[in-house]
Chemist: 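Here you go, one structure.
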Amino acid sequence: MERIDRLIAEMTLAEKLGQLTMIAADYAVTGPVVTPLSEDAIRSGTIGNLLNLYGARPTQRIQKIAVEESRLHIPLLLGFDAIHGHRTIFPIPLAEAGLFDPAAWEATARAAAEECAGDGLHMTFAPMLDVSRDPRWGRIAESPGEDPFVGSSFACAKVRGFQNGSLADSSAVAACAKHYVAYGAVAAGREYSPTDMSEGMLREVYLPPFRAAVQAGVAAIMPSFTDLNGIPMTANIPLLRDVLRGELGFDGVIISDYHAIAELLNHGVAGDLAEAAALALKAGVDIDMMSDAYRLGLPAALQRNLVAMEDIDACVRRVLSLKERLGLFQDPYRRGRADTGITTQSRALARATGARALVLLKNDANALPLATRKIALIGPLADAAGEMRGPWWGAGRGEDCVSVLQGLTEAGFDVRHAPGVAINEDDLSGVATALDLCADSDAILLCLGEAAVMSGEAASRAYLGLPGRQQGLADAVFDKAAGKPVIVVLFSGRPLAVPELVSRAHAVLAAWFPGCEAGHAIADVLTGKLSPSGRTPVSWPRAVGQVPIFFGERPGGRPFNPDDHFTSHYSDVENTPLFPFGHGLTYGDFELSNFRVAPDGDGLTVKVDVANHGALAAEETVFLFLNQKKPGVTRPLLELKGFGKIALRPSEQGTVTLTLPRPIGRAELFVGPKAAFSSLLSLSI
Ligand code: NOJ
């Protein structure tokens with residue numbers, strides 16, 4: 001504290017504003033404007049933080065300028081997105097969420113943090129915690145899915161993994177939970193559009209993961225680009241000051257999103273940069289990422305009495321405290337001692353995580369695991385190593401990734417391969433060659449889906465089908481298959497509404513984007529070396545018109561009744577999703593029984609027995625749901641309160657134990673493998 005007080009007393013206004021400014025280098029382009037990085041500005045102490053620069057050598061070099069050549073010797077804070085890995089790319093967060101395994105979530109964050117720290121970084125702009133119920137929104141790929149309970153567990157695991165119990169640890173990086181709050185509810189799923197919602201919805205669905213991150217000690221929080229109920233989040237005093245800082249007790253650093261303070265002018269709430277800067281500062285935004293509104297606007301804002309020096313000092317204090325907690329004053333070079341690169345261990349983790357995150361959506365007549373090694377491998381994503389990284393790949397390189405073709409070849413498959421069509425083009429000239437392969441094979445594997453760049457930031461879609469001419473290719477293959485099993489491996493950053501594809505395929509494996517070990521992970525599951533165990537963390541729509549679709553619906557006064565026209569339904573599609581939340585088949589055959597509940601202090605302990613009647617070892621996932629009755633208030637039909645996994649060999653039996661706080665009043669508990677009433681066991685309490 002002494003050091004910080006002393007520094008603040010010594011700092012000029014320009015130096016203070018430097019500590020509140022983050023400028024991007026060009027190792028990655030993650031926003032619309034890029035200003036050239038000036039070493040002189042670092043030397044003069046007027047830039048205190050950087051993003052998009054990594055690597056042991058460049059980070060040490062730039063740090064040396066700040067520490068040895070600037071007047072006050074204040075070290076730089078260096079941040080970068082590690083959305084699903086840094087050099088080693090793991091499955092996209094949406095896929096990883098489907099593991100329903102906090103230990104695995106933590107392990108990949110730990111591995112990413114070690115690689116980030118090795119590359120000289122101090123902070124990562126992760127985890128992304130926006131509950132997402134609208135697959136039109138491309139950033140659903142970066143999210144933990146539709147459920148706040150999952151988002152909250154994910155938040156804690158990721159913060160633990162990144163921060164490793166102490167920010168001073170040289171392998172820890174500060175986590176930055178984003179994007180606070182309700183970004184996932186952008187109108188019509190269109191990126192950056194406004195959000196509107198009730199306070200009840202905000203508090204029950206969108207806020208909990210951020211609350212959990214704060215409780216887990218997250219170092220930083222990034223407000224979203226969007227406006228919520230008419231107030232841009234970057235200037236949202238009620239939600240940043242009153243709720244985040246006040247109610248949730250967050251005392252870490254708030255860092256704006258890229259250029260978001262300047263965009264307050266586009267929102268129409270600020271007339272010039274000084275006003276924009278003042279609005280953000282007053283809301284408690286400590287670091288201005290890439291607007292340069294604090295350096296350019298705050299001097300005028302001070303003169304116009306829009307802000308006071310104490311407001312600026314409070315932000316500087318929080319930024320310097322973070323640098324202190326990261327151990328940067330003690331040893332600014334403690335991170336970035338050596339690029340770790342991809343190690344055997346991190347690859348093994350990527351392969352295991354990649355395989356476990358695959359979701360077997362359909363498996364008619366046990367088409368999987370494959371009974372043959374002689375296959376036709378068709379589709380534009382079969383030999384697309386770089387695409388396997390999915391949207392946003394940090395420092396991951398395409399050449400480090402394993403394609404499906406490579407994975408299957410290495411696993412000993414006799415593969416004939418042709419792409420047939422490109423991912424998103426109209427050219428059908430390759431279809432005939434692809435169809436010719438069907439005759440000379442025992443099974444057909446179709447690798448279809450989206451390009452990596454079709455999800456992620458600024459990648460909303462209005463249609464949720466297969467892009468380009470892929471559906472046509474698939475139809476031609478189904479027609480040609482002559483009874484041979486056709487297995488679809490579907491790559492996407494979101495659930496795709498592809499009911500025809502699913503109905504014609506014998507098996508469908510949702511691979512999302514599995515990361516750098518994709519081909520090996522997929523081969524492990526296709527051969528039966530491993531059973532798939534991923535579950536979808538979002539409801540899969542049948543049609544885009546059902547969106548937003550999620551299991552936590554309230555019943556309404558006229559719930560659907562097939563015998564009564566005047567009940568809630570569509571005239572052209574069922575109400576239910578194509579696959580409910582939690583759906584995912586395995587190579588086991590599980591039965592749940594003996595559901596019981598017992599009081600346990602202030603809570604309840606729930607147990608259910610699980611038996612594997614199948615011929616192969618597999619992992620079952622069990623979900624615990626609650627339906628709470630409250631006088632005068634409607635409640636969701638199902639609220640997720642717990643989940644657990646159990647690995648069982650054939651004929652083995654075990655028990656899953658879960659706990660939950662005791663509900664007040666009348667309630668019903670459910671356990672089962674997915675959010676579909678027909679597969680749930682229930683108990684009234
Ligand atoms: C904009 C994105 O919204 C945010 O998630 C990311 O952290 C920043 N760019 C920095 O790359």
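Order of appearance sets the numbers: ligands from 1, and atoms from 1 within every ligand. All residue numbers in this chain count up from 1 along the given sequence.
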Chemist: Do me a favour and list the nearest non-hydrogen protein atom to atom 9 (N) of ligand 1 with residue, atom name and distance?
Modeler: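 Answer, as residue, atom name and distance: Thr30 O, 3.3 Å.
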
Chemist: Nearest protein heavy atom to atom 8 (C) of ligand 1, by residue and atom, and its distance?
Modeler: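 It is Asp257 OD1, 3.4 Å.
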
Chemist: Tell me which protein heavy atom sits closest to atom 7 (O) of ligand 1, plus the residue, atom name and distance to 0.1 Å.
Modeler: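 So the nearest neighbour among protein heavy atoms is Asp81 OD1, 2.6 Å.
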
Chemist: How far apart are the C-alpha atoms of Ser455 and Glu450, what are their side-chain angles, what is the distance that settles it, and do they pass the side chain to side chain donor-acceptor pair (under 3.5 Å) test?
Modeler: CA-CA 8 Å; Ser455 59; Glu450 296 182 313; 4.5 Å; no

Chemist: Apply side chain to side chain contact (heavy atoms under 4.5 Å, CB included) to Ser321 and Ile4, showing your working.
Modeler: CA-CA 7 Å; Ser321 306; Ile4 294 175; 3.6 Å; yes

Chemist: Examine Tyr258 together with Tyr192 and report whether their ring centres are nearer than 6.0 Å.
Modeler: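 That pair fails the under 6.0 Å test.
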
Chemist: Does Phe225 come within less than 4.0 angstrom of ligand 1, counting non-hydrogen atoms of the residue?
Modeler: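 Phe225 counts as a contact of ligand 1 under the 4.0 Å cut-off.
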
Chemist: Looking at ligand 1, does Met128 have a heavy atom less than 4.0 Å from it?
Modeler: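 So Met128 does not count as touching ligand 1.
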
Chemist: As an exercise, identify every atom of ligand 1 less than 4.0 angstrom from a heavy atom of Lys178.
Modeler: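 Reading through ligand 1 atom by atom, the close ones are 4 (C), 5 (O), 6 (C), 7 (O).
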
Chemist: Start with the C-alpha gap between Val173 and Phe80, add the side-chain angles, then the distance that decides, and say whether side chain to side chain contact (heavy atoms under 4.5 Å, CB included) holds.
Modeler: CA-CA 10 Å; Val173 289; Phe80 192 51; over 6 Å; no

Chemist: Mind checking whether Arg139 contacts ligand 1 via backbone (N, CA, C, O), side chain (CB onward), both or neither, at a 4.0 Å heavy-atom cut-off?
Modeler: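 For Arg139, the contact with ligand 1 is made by the side chain alone.
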
Chemist: Could you tell me whether a side-chain N or O of Lys16 sits under 3.5 Å from a main-chain N or O of Val316, the two making a donor and an acceptor?
Modeler: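 Not at all, since once roles are kept as given, no pair shorter than 3.5 Å links the two residues.
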
Chemist: Would Asp130 and Ser224 count as a side chain to side chain donor-acceptor pair (under 3.5 Å) here? Give the steps.
Modeler: CA-CA 10 Å; Asp130 296 310; Ser224 67; over 6 Å; no

Chemist: Between ligand 1 and His179, can you find any atom pair, the residue atom being a heavy atom, that is separated by under 4.0 Å?
Modeler: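 Yes; His179 lies near enough to ligand 1 that a heavy-atom distance drops under 4.0 Å.
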
